[in-house]
Amino acid sequence: MESAQIMGHEVFITYANRLSVVDTRAHAVLEPVRLEPVELVEGHWQTKYSWYSIGDRAFMPLDEMDAVFMRVDPPVTVPYFYITYILDYIDPKKTLTINKPSGLRNANEKMSAVQFPEAIPETIVSSDNSEIRQFVDKKGLGVLKPLGGKAGEGIVLLQSKDPNFNSLIEISTDRGKIPVMIQEYIPEAKEGDKRIILLDGEPIGAVLRVPSGNEFRGNMAVGGQSVKTEITEQELKICASVAPKLREEGLYFVGIDTIGNKLTEINVTSPTGIREIDLFLRSDETRLGNIVIQWVEERVNAKSSS
């Protein structure tokens, strides 16, 4: 939003409970927003106390916008799916929706990685206690991930000798009713997991998220520290392998996660990391938000001229 405003565009916001379909067109109660851009002060982003202002509401068709960003956080619930159904009624000939609603429905952030077996750590998806235990016994350590979570919520490090093992599985699977993902533990996780931002399948930046204290998760939401990093050759190969599928599904703005050159997740709902990556840019490099909006401008202009 900040980059769009700086580059001369009007910005509006809305919420999931303000979406409607009227006369087969997606509508929303929209509010114009003006932002006070952040400033980098001694290595930290700082904002003014009153960093935004909101204008008068208006009920409008969403296809009167040039672009609509869907930025609703997981968990991916039934109401979340209903939102994507409403957004299906934005006319794609008039408006670019990022990411494509059908693509969001198809791409569970954990399960999507499974279609790239050559790139991921050994993985199972199950709600069966005995199957999960067999996998963890074989590997010694496993990482359990709820399929609909975000920001590291509910992720558990499993050890086969843990006396709480059965209870952890019962809680995570709701007593065998809900499948979860179990991945082999990658020792390089101690050094951090890497968030790579992809725009239309191309990597535009990355940041390493390093666990702090006794926490094994590197997610920034649970205290992970942002560290400057580079994208490795193997990670570039991973990006190239997932890019065709992302483009096919209309998943333009995506954050993939890697640990030890292994793909662990494909984040499509509301990928974060731009601010953290921007911290480490050289003075001659363009902030990622600007790159995204430049790409949107090009897509919208191409749509208008076709």
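Numbers here are sequence positions counted from 1.
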Legend entry - From NZ (K100) to CG (L104), nearest 0.5 Å: 11.0 Å

Legend entry - Backbone of P271 reached by a side-chain donor or acceptor of R71 within 3.5 Å: yes

Inset, instruction - Treating Ile, Leu, Val, Met, Phe, Trp and Tyr as nodes and any side-chain heavy-atom pair under 4.5 angstrom as an edge, say whether I277 and V38 lie in one connected cluster. - result: yes

Inset, instruction - Give a yes or no on whether the backbone of V268 and the side-chain of N99 come within a donor-acceptor separation of less than 3.5 Å. - result: yes

Inset, instruction - Would you sort out whether L246 and I266 count as a side chain to side chain contact (heavy atoms under 4.5 Å, CB included), showing the intermediate values? - result: CA-CA 10 Å; L246 297 178; I266 302 176; 4.1 Å; yes

Legend entry - Short side-chain to backbone donor-acceptor contact, D193 and D257, under 3.5 Å: no

Legend entry - Under 3.5 Å donor-acceptor, E109 side chain and T269 backbone: yes

Legend entry - Test item: P179 and S126 side chains (from C-beta on) under 4.5 Å apart, heavy atoms: no

Legend entry - Check against side chain to side chain contact (heavy atoms under 4.5 Å, CB included), Y252 and R299: CA-CA 11 Å; Y252 308 114; R299 289 294 292 250; 3.7 Å; yes

Legend entry - side-chain hydrogen bond (donor to acceptor under 3.5 Å, both in side chains) against K145, all qualifying residues, sequence neighbours excluded: Q183, E265

Legend entry - Side-chain (S167) to main-chain (F165) donor-acceptor, under 3.5 angstrom: no

Legend entry - Close side-chain approach of L279 and H44, heavy atoms under 4.5 Å: no

Legend entry - Shared hydrophobic cluster for L40 and V207 (ILVMFWY, side-chain gaps under 4.5 Å): yes

Legend entry - Side chain proximity check, Y80 to V72, heavy atoms < 4.5 angstrom: yes

Inset, instruction - Could you pull out the closest heavy-atom pair between G154 and P146, with the gap in Å? - result: O-CD, 3.4 Å

Legend entry - Carboxylate-amine/guanidinium contact D284 R282, below 4.0 Å: yes

Inset, instruction - Would you check if the side chain of S160 reaches a backbone N or O of D137 as a donor-acceptor pair within less than 3.5 Å? - result: no

Inset, instruction - Decide salt bridge (Lys or Arg N to Asp or Glu O under 4.0 Å) for E2 and R275; before the verdict, give the C-alpha distance in whole Å, the side-chain angles of both, and the deciding distance to 0.1 Å. - result: CA-CA 11 Å; E2 179 182 292; R275 288 290 194 207; 3.0 Å; yes

Legend entry - Backbone N/O of M111 and side chain of N108: donor-acceptor pair under 3.5 Å: yes

Legend entry - Partner set under salt bridge (charged side-chain N to carboxylate O under 4.0 Å, His left out) for K245, not counting sequence neighbours: E248, E249

Inset, instruction - Using the ring of F81 (Phe, Tyr or Trp, six-membered ring only), decide whether R105 places NZ or CZ under 6.0 Å from its centre and within 45 degrees of its axis. - result: no

Inset, instruction - Write down the atom of T264, the atom of A113, and the distance for their closest heavy-atom approach. - result: O-CB, 4.0 Å

Legend entry - Donor-acceptor contact present, side-chain D128 to main-chain E131, <3.5 Å: yes

Legend entry - Test item: I83 and P79 side chains (from C-beta on) under 4.5 Å apart, heavy atoms: no

Legend entry - Student check: side-chain heavy atoms of D88 and I86 closer than 4.5 Å: no

Inset, instruction - Taking the side chain as every heavy atom from C-beta outward, state whether I13 and L30 have any atom pair closer than 4.5 Å. - result: no

Inset, instruction - Could you pull out all residues at least two apart from F253 that satisfy ring pair (Phe, Tyr, Trp, His ring centres under 6.0 Å)? - result: none

Inset, instruction - Report, as yes or no, whether the 6.0 Å neighbourhood of atom CD on E118 holds more than 12 heavy atoms from other residues, nucleotides or ligands. - result: yes

Inset, instruction - Count the heavy atoms of every other residue, nucleotide or ligand shown that sit under 6.0 Å from CD of Q234, and state whether that count exceeds 12. - result: yes

Inset, instruction - Verify the cluster assignment for W45 and I274: are they in a single hydrophobic cluster under the rule of side-chain heavy atoms below 4.5 Å apart? - result: yes

Legend entry - Neighbour count above 12 (heavy atom, 6.0 Å) for D56 CG: no

Legend entry - Test item: Q225 side-chain N/O and R209 main-chain N/O as donor-acceptor pair under 3.5 Å: no

Inset, instruction - Would you mind checking if K138 and E122 are paired as a salt bridge, meaning a charged N to carboxylate O distance below 4.0 Å? - result: yes

Legend entry - Flag side-chain contact, heavy atom, 4.5 Å: D66 against T95: no

Inset, instruction - Please check if atom OH in Y52 has more than 12 non-hydrogen atoms from other residues, nucleotides or ligands closer than 6.0 Å. - result: no

Inset, instruction - Kindly give the heavy-atom pair with the smallest separation between S3 and G289, and that separation in Å. - result: OG-C, 3.1 Å

Legend entry - Path from V254 to I120 over hydrophobic side-chain contacts below 4.5 Å: yes

Inset, instruction - Provide the full list of ring pair (Phe, Tyr, Trp, His ring centres under 6.0 Å) pairs with a residue in residues 86-117, sequence neighbours left out, each pair given once. - result: none

Inset, instruction - Report the residues that fulfil side-chain hydrogen bond (donor to acceptor under 3.5 Å, both in side chains) with E235, sequence neighbours left out, ordered by chain and then residue number. - result: K194, T232, T258

Legend entry - Side chain proximity check, Q159 to Y185, heavy atoms < 4.5 angstrom: no

Inset, instruction - Examine distances only and state if a side-chain atom of R195 and a backbone atom of L208 form a donor-acceptor pair shorter than 3.5 Å. - result: no

Legend entry - Interatomic distance, N164 atom CG to I169 atom CD1 [nearest 0.5 angstrom]: 11.0 Å

Legend entry - Co-membership, hydrophobic cluster, residues L87 and L251, 4.5 Å side-chain: yes

Legend entry - Pairs meeting criterion side chain to side chain donor-acceptor pair (under 3.5 Å) with involvement of residues 6-28, two or more places apart: H9-E297, R18-E31, R25-D63

